[in-house]
Amino acid sequence: MESFLYRNGELFAEGVAVSELAERYGTPLYIYSRGHLRSQFQALQSAMAEVNPLICYAVKASSSAAIISTFAELGAGADVVSGGELYRARRAGVSANKIVFAGVGKTESEIEYALKEGILYFTVESEPELERISACAKKLGTVGRIAIRVNPDVDPKTHKYTSTGKKENKFGVNLERAFEAYELAARLPNLELTSLHMHLGSPIMTSDPYSEALAKVKELCLNLKARFPTFRHIDIGGGLGIAYRPTDNPFDLHAFAKAVIPPLKELGLTVSMEPGRFLVGNAGILVTRVQYVKENPFKKFVIVDAAMNDLIRPALYQAYHHIQPVRETTEPLLGDVVGPVCESGDFFAQDREIPAAKQGDLLAVMSAGAYAFAMASNYNSRPLLAEVMVSGTRHELIREREALEDLVRGERTPTW
Ligand SMILES: Cc1ncc(COP(=O)(O)O)c(C=O)c1O
């Protein structure tokens, strides 16, 4: 995480001391590096330059306006999976004609909203969804552009909850049935078949699943090109991994580009991709303050002020997040780092050698830019955290910390 480095024993976010940000904005606190967001985007863009893909940032990874607009300024589109994400993307300045809309359960109102906005295409996940988009487009007197999400049955070798391109997953249409689905789409009114989409899962650390999937969809793409004059585009999804552990190798963009560019060029289609984690995962950290250090006969617990409701990945996916002290120390402590929520699943590290920490110390939970704040909840009636963005020596609040009143906003007690 090259934007979060120590200087004279103090952890910095770009040019600002993390302790200064914690003082100023309070803890727990999400901090993002704008420089990292930009450099990840630019690295991907230049690695893939030969096929000049439209990079549609997967808004679900982190949906803050400041993050979406950082990518929009660089020319990014957006991959959205709900009316809410579409709203956020438009509000953050993403052009409608660069927005793609995936998800297995799009409602009529979401489809109508997207049609009215004029999005680039719907990533369609089933035959009934094709019928619904056709009906909505007909009702509005417009045309819905369509990519069918093909499930190529490729194992991305990741957690079963984040594997999406295997035959038992709920996503997309099986490869064997895909051509028929396009034929159905062609018979329905008010649809234009432009694209094929696939997304295999996340995080994927090698290019092999992408190569395998491209080989599997090649024949279908060529048949679609021959059959439908409007078919012109392929979306290879997201899923590109990041290093979560100091010992992990970073995702090898060069090897990825070398593996996917030749088969993409052979297809002769325009290209898009939908990375989320790769762009934001290592751009963010969660800073938390130690409240207590507690010992029982079996274990030591470092109890911090952040919790599973702020970052659920360890509880949900047994995900590893590296934990670093904000003031450098080499002294270790073996134990758990846990939050205050009333669940045994509320932990950031278990039986791990972590930096020795005492009450009042600050810890940084690393790689907390993707699927972190975006998955936060108010569980245990905990207000959502503040988010700050840093650029060089500048820093600015990009989301206010919720107040207690925010917890009950919109609630009603029955009058009887
Ligand atoms: C359809 C689709 N595209 C893109 C992504 C982004 O994945 P990642 O953040 O791993 O790049 C996801 C993640 O769930 C997805 O479902």
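Quick note: numbers below take in every heavy atom, side chains included, and nothing from hydrogens, waters or symmetry partners. Start at 1 and go down the list; that is how both ligands and their atoms are numbered. When a residue number appears, it is its place in the shown sequence, counting from 1.
- Those atoms of ligand 1 with a heavy atom of Pro275 less than 4.0 angstrom away are 11 (O).
- Ring-centre distance between Tyr244 and His321: below the 6.0 Å cut-off.
- Where the criterion is an N or O separation shorter than 3.5 Å, residue side chain and backbone included, Gly276 meets it with respect to ligand 1.
- A salt bridge does not link Asp235 with Arg149: none of the charged nitrogens is closer than 4.0 Å to a carboxylate oxygen.
- Listed by number with element, the atoms of ligand 1 under 4.0 angstrom from any heavy atom of Tyr371 are 6 (C), 7 (O), 8 (P), 9 (O), 13 (C).
- Set against the non-hydrogen atoms of Gly238, the atoms of ligand 1 under 4.0 Å away are 4 (C), 11 (O).
- Applying the 4.0 Å criterion to heavy atoms of Gly239 picks out, from ligand 1, the atoms 7 (O), 8 (P), 10 (O), 11 (O).
- A salt bridge is defined here as a Lys NZ or Arg NE, NH1 or NH2 lying under 4.0 Å from an Asp or Glu carboxylate O, and Arg177 with Glu127 meets this definition.
- Any N or O atom pair closer than 3.5 Å counts here, and Arg149 shares no such pair with ligand 1.
- Atom CD of Glu219 sits in a sparse spot, with 12 or fewer heavy atoms from other residues, nucleotides or ligands closer than 6.0 Å.
- Under a 4.0 Å N-O distance rule, the pair Arg382/Glu402 does not qualify as a salt bridge.
- At a heavy-atom cutoff of 4.0 Å, ligand 1 is contacted by no atom of Phe278, backbone or side chain.
- With a heavy-atom cut-off of 4.0 Å, His199 touches ligand 1 through its side chain alone.
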Give the C-alpha distance, both sets of side-chain angles, the deciding distance and a yes or no for side chain to side chain contact (heavy atoms under 4.5 Å, CB included) between Ile31 and Val390. CA-CA 7 Å; Ile31 301 173; Val390 171; 3.9 Å; yes

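- Salt-bridge annotation for Glu117 and Arg90: present, with a side-chain N of the basic residue lying under 4.0 Å from a carboxylate O of the acidic one.
- A ring pair (Phe, Tyr, Trp, His ring centres under 6.0 Å) check over residues 13-39, counting only residues at least two apart or in different chains, returns the pairs Tyr25-His395, Tyr30-Phe373.
- With a heavy-atom cut-off of 4.0 Å, Asp79 touches ligand 1 through its side chain alone.
- Contact annotation: Gly237 has no heavy atom less than 4.0 Å from any atom of ligand 1.
- Less than 4.0 angstrom separates some heavy atom of Glu274 from each of these atoms of ligand 1: 1 (C), 2 (C), 3 (N), 4 (C), 5 (C), 6 (C), 11 (O).
- Note: no N/O pair closer than 3.5 Å links Leu240 and ligand 1 by distance alone.
- Considering Glu73, Glu396, Glu14 in turn, Glu73 is the only one that fulfils the salt bridge (charged side-chain N to carboxylate O under 4.0 Å, His left out) rule with Arg34.
- Any N or O atom pair closer than 3.5 Å counts here, and Ser202 shares at least one such pair with ligand 1.
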